[in-house]
Amino acid sequence: MLGLSDKALVRTGAFIDGQWCDSDESFAVTNPANGDTLVLVANHGAGGAEKAVAAAHKAFKAWAAKSAGERASLMRKWYELMMQHQDDLGRLLTLEQGKPLAEAKGEVAYGASYIEWFAEEAKRVYGDTIPAPSSDKRVLVIKQPVGVVSAVTPWNFPNAMIARKAAAALAAGCTFVVKPAAETPLSALAMAELAQRAGIPDGVLNVITGKDSKAIGKVLTEDPRVRKFTFTGSTQVGKVLISQCASTVKKVSMELGGNAPFIVFDDADLDAAVKGLLASKFRNAGQTCVCANRIFVHQKVYQTFSEKLIAAVADLKIGDGLEQGTTIGPLISSDALEKVQGLISDSVSQGAKVVAGGEAVDKDSLFFKPTVMTGVTNQMPVASEEIFGPVVPLIAFDDEQQVIDMANDTDFGLAAYFYARDMGRVWRVAEGLEYGMVGINEGAISNPAAPFGGVKQSGNGREGSRYGLDDYLECKYLCMGGI
Ligand SMILES: NC(=O)c1ccc[n+]([C@@H]2O[C@H](COP(=O)([O-])OP(=O)(O)OC[C@H]3O[C@@H](n4cnc5c(N)ncnc54)[C@H](O)[C@@H]3O)[C@@H](O)[C@H]2O)c1
Ligand SMILES: O=C[C@H](O)CS(=O)(=O)O
């Protein structure tokens, strides 16, 4: 089935209360590299979401009552199974999402690393004893799981965006319901299959599949049995979902859109900067929330850097993610491709120039040529909007404070990057950038040990690191009197 060694990893029903649930209707999952239908998946709606929430609610008390060590052991087994099946999970991910197989297998390992990380963190959920204001009292703080957690995740990282949430939730003692993007549900269902094989009890992890994201999302954000909602996706949708959570005052964490500046100063190592830009910009064909979106290059090095970049971009290989050597896969949809083309055309009409790429490979596919643009300003659409495609807009600058101000001139604040070697400049720029994450002489910054998240309209909360568990825990104060 789909060329996987372990065919049982290809699941097409929703996973609710340990059962694989079909439905009267189904929807097609297609391969963005060629438009082929891969499988038909159960098309559940609000009713399915309510069943999933009920299952998670029923399973919560027993899961929370397990010791941290018991939860950690089951999560460790899940991690080991994910890595044992890395090849199959990577193939499935490339088929449904399009990214090159090497990247897809890397995403599987990246997602699994959050399960490994939080299996360990589960055993380090510490409380406090606090000096009491009077000798007849004792003041303590204990940490307890929030309860049922619901989640909605995007298509661009169909494994890791779920693992990053589910791992923290389960480690904290919460139970979990997730709606993956309808474009890419197969990775989520395969993860659920392996969670079941690992012995994670029925109802602890549930995956609801369906095209009607609004109806499903309404249940996941408004059902009072759900105590926390976590979302990864666009800022536009995130705002709607936050407002829907208000009716039941849920804890909310949001991983939203980005518009990352990538600044190359005149004292930068230009070869390292080009390498870092390729790593940040062209991963997943530019479809990541932390992709460099605006590239600011100091006037003194603009020509040299541009020439090095154009030469490196020419070596990128566009193709089906399953083909050996492919480094740039397809975009996810024709809408996505039209959006990228529109940003380029609108910016050219305002004076920008295309010096490499600038168009789709052909009119019948979703492949877009890696593109470099010069003469871009911070106000042009290709700079002011999140591109979500393999496009490098180059913006010249000549003053340190000017470029910090330009970099911060956006509603987003997720990731930022800069290349410089003067130590004073490194500290001034790192502290001056209004972003949740800053890569300094580094273009690949995501890992489970670090707190991933943004400021401003890029979201709130952190995923990964020792901070990532806080979003899934309640801090309870105990006051013991009469001593
Ligand atoms: N900050 C991060 O960690 C992060 C990670 C990945 C993607 N993103 C952002 O996500 C965006 C691209 O992903 P996308 O196109 O899937 O985003 P999207 O917001 O369109 O969709 C994300 C998820 O929300 C669901 N959804 C859409 N409308 C909904 C509604 N009204 N109610 C309930 N669910 C709804 C979709 O089905 C999907 O599962 C980009 O802006 C990118 O920056 C952010
Ligand atoms: O697209 C957003 C992801 O969070 C990117 S990363 O894989 O976590 O860097």
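For ligands, and for the atoms within them, numbers begin at 1 and follow the listed sequence.
Protein heavy atoms are found less than 4.0 angstrom from atom 17 (O) of ligand 1.
Summarising the contacts of atom 4 (O) of ligand 2 with R283, R164, M437, the nearest heavy atom is found in R164.
Stacking of R164 on the aromatic ring of F452 is recorded, both the 6.0 Å distance cut-off and the 45° axial limit being met.
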Side-chain donor-acceptor distances from residues 39-58 under 3.5 Å, at least two apart:
residue: N43; atom: OD1; partner: K211; partner atom: N; Å: 2.8
residue: H44; atom: NE2; partner: C21; partner atom: O; Å: 2.8
residue: K58; atom: NZ; partner: D17; partner atom: OD2; Å: 2.8

Inset, instruction - Quick one: do E193 and Q196 satisfy side chain to side chain contact (heavy atoms under 4.5 Å, CB included)? Show the steps, please. - result: CA-CA 5 Å; E193 166 68 20; Q196 188 171 53; 4.3 Å; yes
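Close N/O approach between C289 and ligand 2 is found [any backbone or side-chain N/O within under 3.5 Å]. Checked against a 3.5 angstrom limit, the closest N/O atoms of Q287 and ligand 2 fall outside it. Taking only nitrogen or oxygen atoms, main chain and side chain alike, N156 reaches within less than 3.5 Å of ligand 2.
Between the side chains of S458 and K456, not a single donor N or O lies within less than 3.5 Å of an accepting N or O.
Residue M161 touches ligand 2 through its side chain alone, judged by heavy-atom distances below 4.0 Å. Only the side chain of V290 comes within 4.0 Å of ligand 2, counting heavy atoms alone; its backbone N, CA, C and O stay farther away.
K281 contributes atom NZ, which lies 8.0 Å from atom OG1 of T288 (distance to the nearest 0.5 angstrom).
The shortest contact between atom 15 (O) of ligand 1 and any protein heavy atom is with W155 NE1, 3.0 Å.
Residues meeting the side chain to side chain contact (heavy atoms under 4.5 Å, CB included) test with A246, sequence neighbours left out: none.
Every atom of ligand 1 with a heavy atom of F231 under 4.0 Å away is listed here by number and element: 19 (O), 22 (C), 23 (C), 24 (O). Within the listing of ligand 1, atoms 1 (N), 2 (C), 4 (C), 43 (O), 44 (C) sit less than 4.0 angstrom from a heavy atom of L256.
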